[in-house]
Amino acid sequence: DTEVTQTPKHLVMGMTNKKSLKCEQHMGHRAMYWYKQKAKKPPELMFVYSYEKLSINESVPSRFSPECPNSSLLNLHLHALQPEDSALYLCASSQYGSTDTQYFGPGTRLTVL
Amino acid sequence: GESVGLHLPTLSVQEGDNSIINCAYSNSASDYFIWYKQESGKGPQFIIDIRSNMDKRQGQRVTVLLNKTVKHLSLQIAATQPGDSAVYFCAGAFSGGYNKLIFGAGTRLAVHP
């Protein structure tokens, strides 16, 4: 089973809202990732968690706050987003690091009004 | 710097023909390359990967070739089918302490009956 699940599938929020994106995997992977993807562009790395600790933050604005409660779960907390943050947010996991196959979830389509 | 790029943004093929999607990379210290297929509204789906100690790897109807001399890799799809229509991304993982995958810009494959 190589499934990564993400909820919700779609999210519409205002600029003053607080919301969270959730990601889950049960493959025993120890690395988890958040990516942002704009239309017709490749995924852009935002955060990497390795063994439940944040190992990479690609200079992401603080209005995005990641959290890894345990080895199977990854959250992305959103607060005071801007319309330009509207995108597909993808979660991925790999066994240990980036030189292991990263498996992606279906993504959350976020629209910020 | 690190970069992974594709030669063509769009590739149109007839059903049943073979498809070749090309990708170039700049960092000779790369360890690992991977091809993803992304259909509209979905997350990237793993197709095939290859490590830098290999020149060729085959899967079901797909072959990845790696030429380290000219820093080039390609994805060959045999007997292309309408279901192969998607955007294809190559990605590379580079050594040097970075735990991340660098994506190319993507090639849209359109299969015509």
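Just so we're on the same page: letters track the sequence lines, and every chain starts at 1.
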Chemist: Applying the 4.5 Å side-chain criterion to the ILVMFWY set and letting contacts propagate, would B:Tyr88 and B:Val62 be lumped into a single cluster?
Modeler: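 Linked within one cluster.
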Chemist: Is the closest side-chain heavy-atom distance between B:Lys42 and A:Leu88 below 4.5 Å?
Modeler: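 They are not in contact (no side-chain heavy atoms under 4.5 Å apart), so the answer is no.
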Chemist: NZ of B:Lys68: more than 12 outside heavy atoms within 6.0 angstrom?
Modeler: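 Atom NZ in B:Lys68 is crowded, with more than 12 foreign heavy atoms closer than 6.0 Å.
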Chemist: Tell me the closest heavy-atom pair linking B:Tyr32 and A:Asp100, and the distance in Å.
Modeler: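 Shortest heavy-atom separation between B:Tyr32 and A:Asp100 comes out as OH-C, 3.9 Å.
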Chemist: Taking the side chain from B:Tyr36 and the backbone from A:Phe104, do they hold a donor-acceptor pair closer than 3.5 Å?
Modeler: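 Not a single qualifying donor-acceptor pair exists.
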Chemist: If hydrophobic clusters are built by linking Ile, Leu, Val, Met, Phe, Trp and Tyr wherever their side-chain heavy atoms come under 4.5 Å apart, do A:Leu76 and A:Met13 end up in the same one?
Modeler: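 Result: yes, single cluster for both.
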Chemist: Where is the tightest heavy-atom contact between A:Pro42 and B:Ala105, given as atom of each residue plus distance?
Modeler: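 Closest heavy-atom pair between A:Pro42 and B:Ala105: CD-O, 4.0 Å.
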Chemist: Counting only heavy atoms not in A:Lys38, do more than 12 fall under 6.0 Å of its NZ?
Modeler: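 Buried by this count: over 12 neighbours within 6.0 Å.
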Chemist: Rounded to the nearest 0.5 Å, how far does CZ of B:Phe103 lie from CG of A:Leu45?
Modeler: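 Taking CG in A:Leu45 and CZ in B:Phe103, the distance rounds to 9.0 Å.
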Chemist: Look at the side-chain heavy atoms of Ile, Leu, Val, Met, Phe, Trp and Tyr, link any pair under 4.5 Å apart, and say whether B:Met54 and B:Trp35 land in one connected group.
Modeler: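 The answer is yes; both residues are in one hydrophobic cluster.
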Chemist: What about A:Leu73 and A:Leu78, same hydrophobic cluster or not, with Ile/Leu/Val/Met/Phe/Trp/Tyr joined at side-chain heavy-atom distances under 4.5 Å?
Modeler: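 No, because A:Leu73 and A:Leu78 fall into different hydrophobic clusters, even though each may have its own neighbours under 4.5 Å.
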Chemist: Is any side-chain heavy atom of A:Tyr33 closer than 4.5 Å to a side-chain heavy atom of B:Leu101?
Modeler: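 Not touching, per the 4.5 Å side-chain cut-off.
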Chemist: How close do A:Leu90 and B:Gly43 get, counting heavy atoms only, and between which atoms?
Modeler: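 Closest approach of A:Leu90 to B:Gly43: CD2-CA, 3.8 Å.
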Chemist: Is it true that, when you exclude B:Gln60 itself, more than 12 heavy atoms of the residues, nucleotides or ligands shown sit nearer than 6.0 Å to its CD?
Modeler: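 No, not enclosed.
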Chemist: Relative to chain A, which segment of B:Gln45 carries a heavy atom at a distance below 4.5 Å: side chain, backbone, both, or neither?
Modeler: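 Answer is neither: B:Gln45 stays 4.5 Å or more from chain A.
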Chemist: Between A:Glu58, A:Glu44, A:Lys9, A:Lys40, which shows the greatest number of heavy-atom pairs under 4.5 Å with chain B?
Modeler: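 Option with the top pair count is A:Glu58.
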Chemist: Please classify the contact of A:Gln37 with chain B as side chain, backbone, both or neither, using a heavy-atom distance under 4.5 Å.
Modeler: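 The answer is the side chain of A:Gln37.
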